[in-house]
Enquirer: 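The structure follows.
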Amino acid sequence: MRICVCVKRVPAPGARINVTDDGLAVDTAHLGFTTSPHEECAVESAVQLVEAHGGTATVLTLGPAEAEEQLRYAASVGMTDGVLLSIAETEWDPQRTARAIAAAIRAIEARDGAFDLVLFGNESADGCNYQVGVRVAHALGRPMVNGAKGLEVRDGVAHVQREVDGGRETYELPLPAAVGIREGINLPRYPTMKGRLASKKAAVQVVAAEGDEGAQRLTRLRRPEERSSTTVMLGQGPEAAPAVVDLLQELGVLR
Amino acid sequence: MSVLVLVEHDRGVLADATLEAMAAARAMASTLGAPVEALCISAQADGLGGVLAAHGAARVHHARHAILTDYGPEAWGEVRAQAVRARAPAAVVACGTGRGNEVLAQAAARLDLPMVAICGSVDPSRHGVTAVAVTRTRWGGSLLEDATASAPTMLLTVAHHAYDAAAPVAPGAGAAAELTVTLDASLARSVVRGRTERAAGVTLSTAPVVVGGGRGVGSADGFAPLQELAELLGGVVGCSRAVTNNGWRNHADQVGQTGTRIAPDVYFACGISGAIQHWVGAMASKNILAINTDKEANIVTKAGYAVIGDLHKVVPAISAEIRRRRGQ
Ligand SMILES: Cc1cc2nc3c(=O)[nH]c(=O)nc-3n(C[C@H](O)[C@H](O)[C@H](O)COP(=O)(O)OP(=O)(O)OC[C@H]3O[C@@H](n4cnc5c(N)ncnc54)[C@H](O)[C@@H]3O)c2cc1C
Ligand SMILES: Nc1ncnc2c1ncn2[C@@H]1O[C@H](COP(=O)(O)O)[C@@H](O)[C@H]1O
C-alpha cells in the first residue's frame with residue numbers, strides 16, 4: 001500500500017497568540033513549531049496501515065524551508081520519506097496550496113505509482129480553511145470524506161467512520177481515496193531514539209511549489225477582544241471547600 | 001441574482017445551523033438588494049419548505065435524484081455546483097459545521113472558486129462580481145483574520161453561533177421550485193452506507209457541569225475524585241490534550257480547539273494551565289473555577305474564580321462538603 005499524508009507547519013503558541021506589528025503574520029519570535037493534532041493522527045494512521053499491510057508512507061508539506069523539521073518529525077515516528085514543496089512565504093492561500101499539492105502528487109505518482117490513500121487533517125491548526133484536502137482530492141479524481149474518526153482498509157475499500165450527533169456514520173470509499181482525519185482516531189506514538197536517528201537519514205525531496213494564486217487575501221490578523229475578568233480567590237487548599245460549595249449553591253448547580 | 005443557502009439536514013431533520021446560515025444570508029441579501037433562496041438536497045428534505053419560508057426564503061429549490069439516498073459529500077457538492085451554474089447566485093452561504101464546510105469545499109473545488117470559511121461577519125458589495133470583506137476565525141477562534149475575496153459567485157461558510165437563528169419579522173414567499181440535476185452514478189461512492197446510534201445521555205457539549213482535569217492530575221487513576229465530584233453535580237469529566245496524549249482519558253473527553261467546545265454553568269479546571277487551544281474550547285462556560293497550585297497560571301488569571309492548592313486535596317474536600325450539606 002502507498003500512502004501520502006499532507007501536514008502543515010504551524011507555530012505552537014502558549015497562553016495567547018501575538019501578531020506582528022504589520023498585522024500580517026503571527027509573531028513567532030519566541031515560539032516552537034508543530035503540526036495540527038489532526039495531522040499527527042493522520043501520520044499515525046498511515047504508519048499503522050503500513051505496519052499492517054506493508055508499503056510506504058510519504059509525508060508532504062508546502063511551506064518554508066524550515067518545514068523540513070515537521071517532515072523529519074513525521075519520519076521519526078515511522079513515515080518512510082518526505083517531500084517539501086518550498087515557498088518563500090510562510091503560507092499560501094488555500095486554493096493555491098491545493099493546486100500546488102495536487103500538481104506535486106500527480107508528478108510523484110507519474111514517477112513512482114499511484115497512492116492508494118492520501119490523508120489530510122480535518123482542518124489546518126492555524127488557517128482552519130476546511131478545504132485544501134477536498135480540493136486536492138477532487139483535482140485527483142478521488143472520493144474524499146472529512147472528519148474521519150475511524151479508518152480501516154479491507155479488500156481495496158477504505159472503511160471510514162465519522163461522528164455525528166447521536167452516533168457514527170460509515171462510508172465505504174473505493175481505493176484510491178482521500179480521507180481527512182480528526183484527532184481521537186488513534187493515539188499518536190512518540191518518537192523512539194532509533195526513530196529519531198533514522199529520521200536524520202530519511203530521504204526528503206525539496207521541490208519549488210507551483211500554483212496560481214487564489215482569490216482570497218488576508219488583510220489583517222488581530223486578537224479577539226478578551227473578556228476582562230478579575231479572579232475571585234476562594235481560598236487556599238482544602239479549607240476553601242465551604243466557599244466553593246457556597247458558590248455552587250449561589251449559581252444554582254447544587255440541587 | 002440571489003443569496004442561496006445550503007440547507008443542512010439529516011435525512012429530512014433540519015440542522016439548527018441552517019437557520020444561522022439563513023440569518024447570515026438575509027443580512028447579505030439586504031445589502032445586495034437580492035432575494036434569499038434555499039436549496040434542499042434529496043427528497044428527504046421535501047417537508048422543509050415551510051420553515052425555510054418562515055426564515056425568509058423567497059424561493060426553495062428542491063434537487064432530487066436516485067443516488068441521494070443519504071448524505072454524501074461529493075454528491076451534495078456536485079448538486080451545489082450545478083445549482084450555482086444554473087442560478088448564478090451572488091453568493092452561496094452554509095453554516096461552518098462539518099458538513100457545511102465539506103459540501104461547500106466540494107462545490108468550490110468543482111467550480112474552481114474561492115471559499116471563505118468560518119466567517120464571523122460578512123460585508124458584501126457587487127460590481128459584476130461579488131466582493132466581500134470578511135472577518136473569519138483562525139486557530140479555532142483564538143485569532144481573527146480580516147480578509148477580502150471576489151468571485152462571480154462568492155462561497156462562504158459562517159461560524160457556528162455567530163448569527164442569531166431566530167425567525168425574522170417578515171417571512172419569505174417560499175415558492176417551491178425544482179432544480180434538475182444530472183448526477184453520475186459514481187458519486188454514490190461517498191454516500192453514507194450505515195450508521196450506529198450512541199446511547200443517549202449527558203454529553204460533554206451539553207453538560208451543566210464539567211469537571212476538567214489536566215496534566216496536574218498525574219495519572220488515569222487520579223481522575224476518580226474528579227469523576228466523583230462530577231457525579232455529585234450531575235455533570236461529566238473533561239480533560240486537556242496533555243491528558244489524552246498520555247492515554248489517561250479518551251479523546252471524547254478533550255476540551256479545546258481539536259476537542260469539544262463546552263458551555264456548562266460551571267467548569268472546574270483542575271491542574272490545567274489554560275493554553276489558548278484549551279481556553280478556546282472552554283471560554284463559553286458561564287463560570288470557570290480554576291484549581292491550580294500556581295497562582296500565576298494563565299487559567300487562574302482568566303477564570304472568574306480560583307482556589308490555589310493541590311487538586312488532589314481540594315477536589316475531595318469539595319465533594320465531602322457537598323455530601324455533608326446534603327446530610328449524606
Ligand atoms: C494546534 C493545537 C491544538 C491543540 N488543541 C488542544 C485542545 O483541543 N485541548 C487542549 O487541552 N489542548 C490542546 N492543545 C495543547 C495545548 O497547547 C497544551 O499543550 C495543553 O492544553 C496543556 O495541557 P495541560 O494544561 O493539562 O498541561 P500543562 O500545560 O502542563 O499544565 C499543567 C497545570 O497543572 C498545574 N498543576 C500541576 N500539579 C498540580 C496539582 N497537584 N494541583 C493543582 N494544579 C497542578 C500546573 O501548575 C499547570 O498549570 C493544542 C495544541 C496545538 C498546537
Ligand atoms: N501548507 C500545507 N502543506 C501541506 N498540507 C496542507 C497545507 N495546508 C493544508 N494542508 C492539508 O490540508 C488540510 C486542511 O487544511 P485547511 O484547508 O487549511 O484547513 C490540513 O489538515 C493538511 O492536511
Side-chain angles (χ1 to χ4, degrees), chain A residues 13-17 36-38 95 125-131 134-135 138-139 143-147 164 166-174 183-184 187 214-224 229 231-238 240-242 244-245 247-248 251-255, chain B residues 73-74 98 101-102 105-106 108-110 114-118 137-140 142-151 189-190 192-198 208-209 233 241 247 251-252 258 265-266 274-276 287 298 300-309 313-314 317-318 321-322 325:
Chain A
R16 58 169 47 75
I17 301 176
S36 160
H38 300 313
Q95 266 179 300
D126 61 341
C128 300
N129 297 301
Y130 292 87
Q131 60 188 267
V134 174
R135 287 183 189 274
H138 179 68
M144 160 91 185
V145 171
N146 215 14
V164 287
R168 284 187 167 213
E169 307 170 325
T170 55
Y171 297 83
E172 293 168 19
L173 309 179
E183 190 185 23
L187 192 56
Q216 186 180 325
R217 294 275 168 285
L218 182 161
T219 51
R220 188 170 60 127
L221 295 174
R222 57 197 166 86
R223 273 212 307 265
S229 73
T231 310
V232 178
M233 289 295 175
L234 296 177
Q236 302 243 348
V244 171
V245 180
L247 173 71
L248 296 177
L251 297 176
V253 294
L254 200 67
R255 272 159 297 224
Chain B
E74 290 181 290
N101 285 321
E102 178 173 52
Q106 281 283 353
R110 284 154 208 278
M115 160 184 153
V116 191
I118 322 291
T137 50
R138 285 182 153 245
W139 285 101
S142 312
L143 195 64
L144 300 178
E145 172 187 348
D146 296 328
T148 58
S150 54
R189 64 192 183 178
S190 54
V192 171
R193 284 300 165 83
R195 295 172 186 260
T196 52
E197 308 286 324
R198 190 180 31 235
V209 171
L233 297 170
R241 183 165 180 246
H251 180 265
T258 52
D265 294 327
V266 180
I276 187 85
N287 299 281
N298 190 52
V300 173
T301 54
K302 279 184 165 173
Y305 304 93
V307 173
I308 305 305
K313 300 202 175 96
V314 176
I318 297 170
E321 178 67 13
I322 293 171
R325 291 198 196 183

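In what follows, chains are A, B, ... by sequence order, proteins preceding strands, each numbered from 1. Values reported hereafter were calculated over all heavy atoms of this structure, with side chains retained and with hydrogens, waters and symmetry mates removed.
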Enquirer: Using a 4.5 angstrom heavy-atom cutoff, name the option from A:S36, A:A139, A:G166 with the most pairs to chain B.
Expert: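 Top count of heavy-atom pairs under 4.5 Å with chain B: A:G166.
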
Enquirer: At a heavy-atom separation under 4.5 Å, does B:A252 approach chain A through its side chain, its backbone, both, or neither?
Expert: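 B:A252 has no heavy atom closer than 4.5 Å to chain A.
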
Enquirer: Are the side chains of B:I322 and A:L248 in contact, using a 4.5 Å heavy-atom criterion?
Expert: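 Of all side-chain heavy-atom pairs linking B:I322 with A:L248, at least one is under 4.5 Å.
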
Enquirer: Is B:N287 in contact with chain A via its backbone, its side chain, both, or neither, using a 4.5 Å heavy-atom distance?
Expert: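 When you check distances to chain A, only side chain atoms of B:N287 fall under 4.5 Å.
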
Enquirer: So which part of B:V209 gets closer than 4.5 Å to some heavy atom of chain A, the side chain, the backbone, both or neither?
Expert: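 For B:V209, the side chain is the part near chain A, not the backbone.
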
Enquirer: Would you mind checking which part of B:T301 comes under 4.5 Å of any heavy atom in chain A, side chain (CB onward), backbone (N, CA, C, O), both or neither?
Expert: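 Just the backbone, heavy atoms under 4.5 Å.
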
Enquirer: I need the residue from B:A275, B:A105, B:G309 with the largest number of non-hydrogen atom pairs under 4.5 Å to chain A.
Expert: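 Winner by heavy-atom pair count: B:A105.
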
Enquirer: Less than 4.5 Å apart, any side-chain heavy atom of A:Q131 and any of B:N101?
Expert: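 They are not in contact (no side-chain heavy atoms under 4.5 Å apart), so the answer is no.
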
Enquirer: When only pairs under 4.5 Å are counted, which of B:M115, B:R195, B:K302, B:E197 shares the most heavy-atom pairs with chain A?
Expert: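 Option with the top pair count is B:M115.
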
Enquirer: Less than 4.5 Å apart, side chain to side chain, heavy atoms only: is that true for B:L233 and A:L254?
Expert: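 In contact.
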
Enquirer: Is there a donor-acceptor pair under 3.5 Å between the side chain of B:N298 and the backbone N or O of B:G274?
Expert: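 Confirmed, B:N298 side chain pairs with B:G274 backbone.
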
Enquirer: Identify which part of A:L187 has an atom lying under 4.5 Å from any heavy atom of chain B, answering side chain, backbone, both or neither.
Expert: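 Just the side chain, heavy atoms under 4.5 Å.
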
Enquirer: So for A:V244, is it side chain, backbone, both, or neither that comes closer than 4.5 Å to the heavy atoms of chain B?
Expert: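 Side chain only.
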
Enquirer: Which atom pair, heavy atoms only, marks the closest approach of A:Q216 to A:N129?
Expert: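 Heavy atoms only, the tightest pair is NE2-OD1, 4.1 Å.
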
Enquirer: Are the side chain of B:R325 and the backbone N or O of A:P242 linked by a donor-acceptor pair below 3.5 Å?
Expert: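 Yes, the answer is positive, given that a donor and an acceptor are paired below the 3.5 Å cut-off.
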
Enquirer: Examine whether an atom of A:P174 lies under 4.5 Å from a heavy atom of chain B, and if so say whether it belongs to the side chain, the backbone or both; otherwise answer neither.
Expert: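 Contact with chain B is through the side chain of A:P174 alone.
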
Enquirer: Out of A:R223, A:Q95, A:E183, A:M233, which one racks up the most heavy-atom pairs below 4.5 Å with chain B?
Expert: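 Of the options given, most contacts go to A:E183.
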
Enquirer: Does some side-chain heavy atom of A:E169 sit less than 4.5 Å from a side-chain heavy atom of B:R193?
Expert: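 A side-chain contact is absent here, since even the closest heavy-atom pair is not under 4.5 Å.
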
Enquirer: With no hydrogens and no angle check, is any side-chain donor or acceptor of A:T231 less than 3.5 Å from a backbone partner on B:Y305?
Expert: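 Absent.
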
Enquirer: Between A:E172 and chain B, which part of the residue has a heavy atom less than 4.5 Å away: side chain, backbone, both or neither?
Expert: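 For A:E172, backbone and side chain are both near chain B.
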
Enquirer: Under the 3.5 angstrom rule, does the side chain of B:E74 hit a backbone N or O of B:Q106 as a donor-acceptor pair?
Expert: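 No, because the side chain of B:E74 does not come within donor-acceptor range (under 3.5 Å) of the backbone of B:Q106.
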
Enquirer: Where on B:A306 is there a heavy atom nearer than 4.5 Å to chain A: the side chain, the backbone, both, or neither?
Expert: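 When you check distances to chain A, atoms from both the backbone and side chain of B:A306 fall under 4.5 Å.
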
Enquirer: Check whether A:A240 gets within reach of chain B through its side chain, its backbone, both or neither, counting any heavy atom under 4.5 Å.
Expert: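 Side chain only.
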
Enquirer: Sort B:I118 into side chain, backbone, both or neither according to what part of it lies under 4.5 angstrom from a heavy atom of chain A.
Expert: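 Side chain only.
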
Enquirer: What part of A:L173 lies closer than 4.5 angstrom to a heavy atom of chain B: side chain, backbone, both or neither?
Expert: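 Its backbone and side chain both get close to chain B.
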
